[in-house]
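Structure, as C-alpha cells:
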Amino acid sequence: MCLARLEQHMSKQQLIIFDTTLRDGEQSPGASMTKDEKIRIARALEKMHVDVIEAGFPIASPGDFEAARAVAEIVKDSTICGLARALEQDIDRAGEAIKPANSGRIHTFIATSPVHMERKLRMMPDQVVEQAVWAVKHARRYTDNVEFSAEDAGRSEIDFLCRIFEAVIDAGATTINVPDTVGYNMPWQFGETIRTLIERIPNSDKAVFSVHCHNDLGLAVANSLSAVTNGARQVECTINGLGERAGNASLEEVVMAVRTRQDVYDCDTRLDTTQIVPCSRLVANITGFPVQPNKAVVGANAFAHESGIHQDGVLKHRETYEIMRAEDVGWSHNRMVLGKHSGRNAFRTRLEELGIHIDSETELNEAFARFKELADKKHEIFDEDLQALVTDKGLEKTNERIKLIALHVCSETGEIPGADVTLGIDGEERSISAEGSGPVDATYRAIEALVESGADLKLYSVNNITSGTDSQGEVTVRLELGGRLVNGQGADTDIVIASAKAYINGCNKLLDVEDRAHPQKGDV
C-alpha cells in the first residue's frame with residue numbers, strides 16, 4: 001500500500017506556487033513594507049519551499065528596486081521574479097534587480113481586454129501584440145525565464161488571447177499567465193477559458209500556463225482551482241489572500257485544497273505546509289492586517305470545535321470533523337515557550353527558527369534587553385510575542401525621528417480623560433497635555449499636537465497577540481496624508497502604550513522621504 005502511494009505521488013505533476021505577497025500583497029492600501037520586512041517574509045517563503053517569489057515592481061521606486069535586489073541576493077532556493085510593464089525602462093530595471101539571483105525571472109505584462117486597450121493603453125490590437133512580443137524578446141536579454149501576463153484576460157476575447165499567447169511563446173515566453181484581474185469570472189467559465197487556450201494554441205506545450213485571480217466576488221481560490229483542473233500548472237497567490245482591493249487567491253487555501261484532495265487533482269506542490277501558519281502570522285504582523293478568526297486553514301478557529309456533537313466526534317476519531325491535521329499546516333509547530341529565565345542562546349535560536357536574523361551582537365543585545373523587559377511583565381513569551389517584539393521595535397532600523405519618552409493617562413468615572421505625553425522629536429524632548437473622549441483619544445490628540453503630522457486616522461484596530469489577561473495588545477493604525485496611506489504598529493501589555501507606539505510608528509513612516517508610490521500598480 002505504501003509503495004503504491006509513493007508511485008502515485010511520483011507520477012503527479014508539479015503545481016508551481018508563485019507567491020506575490022511582496023508585490024501584489026504590498027499593494028493593499030497601507031500594506032507597504034520596508035526592505036528588511038520584505039527580506040524576512042522572503043526567507044519565510046523560501047523556508048516553505050515556495051517555487052517563485054515575486055519580490056516587487058522594481059521600476060516603482062528606488063526603495064522597491066533595492067528591496068527586490070536584496071531579496072535576489074539573499075534567497076537561494078526560490079526563483080526571484082521582478083514585475084515589469086511591457087516598456088523598456090521597466091524591463092531593464094527588473095533585469096538589474098534580479099541579476100544577483102541564483103534563479104531569476106522577469107514577469108512582463110500588457111492589457112488585452114477591449115476596454116483596457118481602448119481606454120487605458122489607447123492602442124490597437126495589432127500594436128498590443130507587437131509590444132508584447134518586443135517586451136518578451138527584450139526580457140530574454142536578461143534571463144531565459146520570462147513570464148508574460150495578459151492583464152484583464154478574464155474580460156478579453158478568446159481569439160485575441162490565443163493570438164497574443166501564441167506570439168509571445170514564439171518570442172520566448174516560458175510561462176503564460178491568465179489573470180482574472182478584476183475578479184469577474186465564474187469558476188466554470190474561467191476553467192473553460194484555460195482549457196480552450198491550451199487546446200487551441202498550437203505551441204501551448206512549450207509554456208507553463210498560470211493563473212492570477214482576484215477576490216472581488218470571493219471566487220479567487222475557486223477560479224484558481226478550476227484552472228488547475230483544466231490544465232494550469234502555476235497558481236499566483238499570496239499569504240492570507242493579501243492584495244489589491246479584495247485581495248488575491250489565498251496561498252494556504254489553494255495549497256491545502258490540492259494537498260487534501262489528491263483524489264481529485266493530478267498534481268501537487270512541493271511546499272512544506274508546516275510553515276504555513278508561521279508565515280501567515282509573520283505577514284499579518286508586518287502588514288498590520290490581522291487574520292479573521294474563521295479564515296480557512298490559518299484562522300484561530302480553523303481547527304476549533306464548539307459544538308458538543310463535533311467535539312465528541314473529534315475525540316473519538318479526528319477525521320469525523322477534520323479533513324486536515326492542524327499539525328500539517330503548522331498549528332502545533334514552533335510553540336516553544338520562553339520566559340524571564342531563558343538565556344541569550346535560546347532567544348537567538350528561536351528568532352532564527354522564526355526567520356529573524358540578527359547580524360550583530362549589538363542588535364542581539366538590544367533585542368534581548370527588550371525580550372527581558374517583556375518577560376518581566378508577561379510570564380510566558382510565545383512565538384507571536386517575539387514576532388511582535390521585533391516588528392514593534394524594529395531590528396530593521398526603521399526611521400525613528402519621533403520616539404515615545406513618557407506617557408501618563410488618567411481615566412476616571414465622571415471625569416474627562418487626559419494624557420500627558422513626552423516625545424523625543426529629532427533629538428529634542430517635548431511635552432504636552434491633552435483631553436479626549438477616552439485615554440487613547442487623549443493620547444492621540446497630544447501626540448498630534450506635538451508632531452503636527454496633519455494625517456487623517458483611517459483605521460484603529462486592536463488585537464490580542466496571545467491569550468490571557470497578560471497578553472500583549474497589538475494595535476494597528478492607518479494614517480492618510482496627501483493620498484499616501486501608511487500602517488503604524490505597536491505592541492505592549494498596556495494597550496494605551498501600544499496605541500501610542502502605533503500612532504508614532506505611522507508618523508515616522510509618513511516622515512520617511514522614500515517614495516513608495518507605484519506609478520502603475522501592475523494589477524495583473
Side-chain angles (χ1 to χ4, degrees), residues 9 15 17-22 25 37 39-51 53 75 77-78 221 235 237-242 247-262 268-287 289-305 314 318-319 321-338 346-347 349-357 380-391 463-467 471-472 474:
H9 177 76
L15 177 63
I17 296 299
F18 177 114
D19 183 273
T20 184
T21 303
L22 302 182
E37 287 169 343
I39 289 171
R40 286 174 61 196
I41 293 173
R43 280 175 164 152
L45 295 172
E46 181 185 31
K47 189 175 182 180
M48 199 194 305
H49 300 157
V50 164
D51 300 291
I53 300 173
V75 172
D77 296 329
S78 300
V221 170
V235 174
C237 43
T238 60
I239 301 296
N240 300 336
L242 198 66
N248 292 295
S250 164
L251 178 147
E252 56 274 9
E253 294 176 24
V254 170
V255 169
M256 292 313 297
V258 172
R259 181 67 54 85
T260 303
R261 294 305 309 271
Q262 283 290 282
D268 197 5
T269 73
R270 71 182 190 103
L271 266 63
D272 176 1
T273 59
T274 64
Q275 298 301 317
I276 285 177
V277 169
C279 194
S280 167
R281 288 172 177 160
L282 175 63
V283 170
N285 193 276
I286 285 175
T287 61
F289 283 58
V291 176
Q292 67 194 59
N294 62 329
K295 170 77 165 64
V297 184
V298 294
N301 292 346
F303 293 90
H305 301 277
V314 170
R318 179 189 59 81
E319 292 182 359
Y321 287 103
E322 288 187 359
I323 59 172
M324 299 173 283
R325 295 195 319 152
E327 297 89 340
D328 290 342
V329 296
W331 274 110
S332 63
H333 191 60
N334 292 345
R335 295 298 296 176
M336 179 177 176
V337 181
L338 300 176
F347 175 70
T349 300
R350 194 71 206 114
L351 288 182
E352 290 179 350
E353 288 173 353
L354 292 172
I356 302 168
H357 298 267
E380 295 180 326
I381 309 296
F382 294 91
D383 291 348
E384 298 91 332
D385 294 309
L386 295 178
Q387 295 280 16
L389 179 147
V390 172
T391 301
N463 294 280
N464 60 309
I465 295 174
T466 55
S467 60
S471 170
Q472 286 193 94
E474 184 178 50

### Beyond-backbone contact of Leu251 with Thr238, side-chain heavy atoms, under 4.5 angstrom
no
### Summary
So OG1 of Thr260 and CZ of Arg325: to nearest 0.5 Å the spacing works out to 12.0 Å
### Message
Donor-acceptor check, side chain of Ser78 to backbone of Val50, threshold 3.5 angstrom: yes or no?
### Response
yes
### Task
Identify, with sequence neighbours excluded, every residue that meets side-chain hydrogen bond (donor to acceptor under 3.5 Å, both in side chains) alongside Asp51.
Gln14, Arg270
#### Entry: Glu46 side chain vs Asp77 backbone, donor-acceptor pair below 3.5 Å
yes
### Task
In sequence, state the C-alpha distance, the side-chain angles, and the governing distance for Phe289 and Asn240, and then conclude on side-chain contact (heavy atoms from CB on, under 4.5 Å).
CA-CA 9 Å; Phe289 283 58; Asn240 300 336; over 6 Å; no
### Message
Between Val298 and Val329, is the side-chain contact (heavy atoms from CB on, under 4.5 Å) condition met? List the steps.
### Response
CA-CA 8 Å; Val298 294; Val329 296; over 6 Å; no
### Task
List the steps, then state whether side-chain contact (heavy atoms from CB on, under 4.5 Å) holds for Thr20 with Cys237.
CA-CA 6 Å; Thr20 184; Cys237 43; over 6 Å; no
### Query
Is there side-chain contact between Val291 and Ser280, with at least one heavy-atom pair below 4.5 Å?
yes
### Query
For Pro290 and Ala284, which heavy atoms make the closest approach, and how far apart are they?
CA-CB, 4.4 Å
### Message
Show, in sequence, the C-alpha distance, side-chain angles and deciding distance for Val221 and Ser250, and conclude whether the side-chain contact (heavy atoms from CB on, under 4.5 Å) test is met.
### Response
CA-CA 7 Å; Val221 170; Ser250 164; 4.3 Å; yes
### Message
I'd like to check Leu282 versus Arg40 (side-chain heavy atoms, cut-off strictly below 4.5 Å). Are they in contact?
### Response
yes
### Query
With distance as the sole test, does Gln262 use its side chain to make a donor-acceptor pair with the main-chain N or O of Val258 at under 3.5 Å?
yes
### Query
Taking atom types as modelled, is there a side-chain donor on Glu474 or Asn285 under 3.5 Å from an acceptor on the other?
yes
### Main-chain N/O of Leu242 paired to Asn248 side chain as donor or acceptor, under 3.5 Å
yes
### Query
Are any non-hydrogen side-chain atoms of Ile41 and Glu37 less than 4.5 angstrom apart?
no
#### Entry: Heavy-atom side-chain proximity of Leu45 to Gln275 below 4.5 angstrom
no
### Task
Give a yes or no on whether the backbone of Asp268 and the side-chain of Arg259 come within a donor-acceptor separation of less than 3.5 Å.
no
### Side chain to side chain, Met256 and Leu271, heavy atoms closer than 4.5 Å
no
### Query
For Asp272, what residues pass the side-chain hydrogen bond (donor to acceptor under 3.5 Å, both in side chains) criterion, not counting sequence neighbours?
Thr274
### Query
Within a strict 4.5 Å, meaning less than it, do heavy atoms of the Val235 and Leu15 side chains meet?
yes
### Message
Checking Glu252 now: which residues fulfil salt bridge (charged side-chain N to carboxylate O under 4.0 Å, His left out) with it, not counting sequence neighbours?
### Response
Lys295
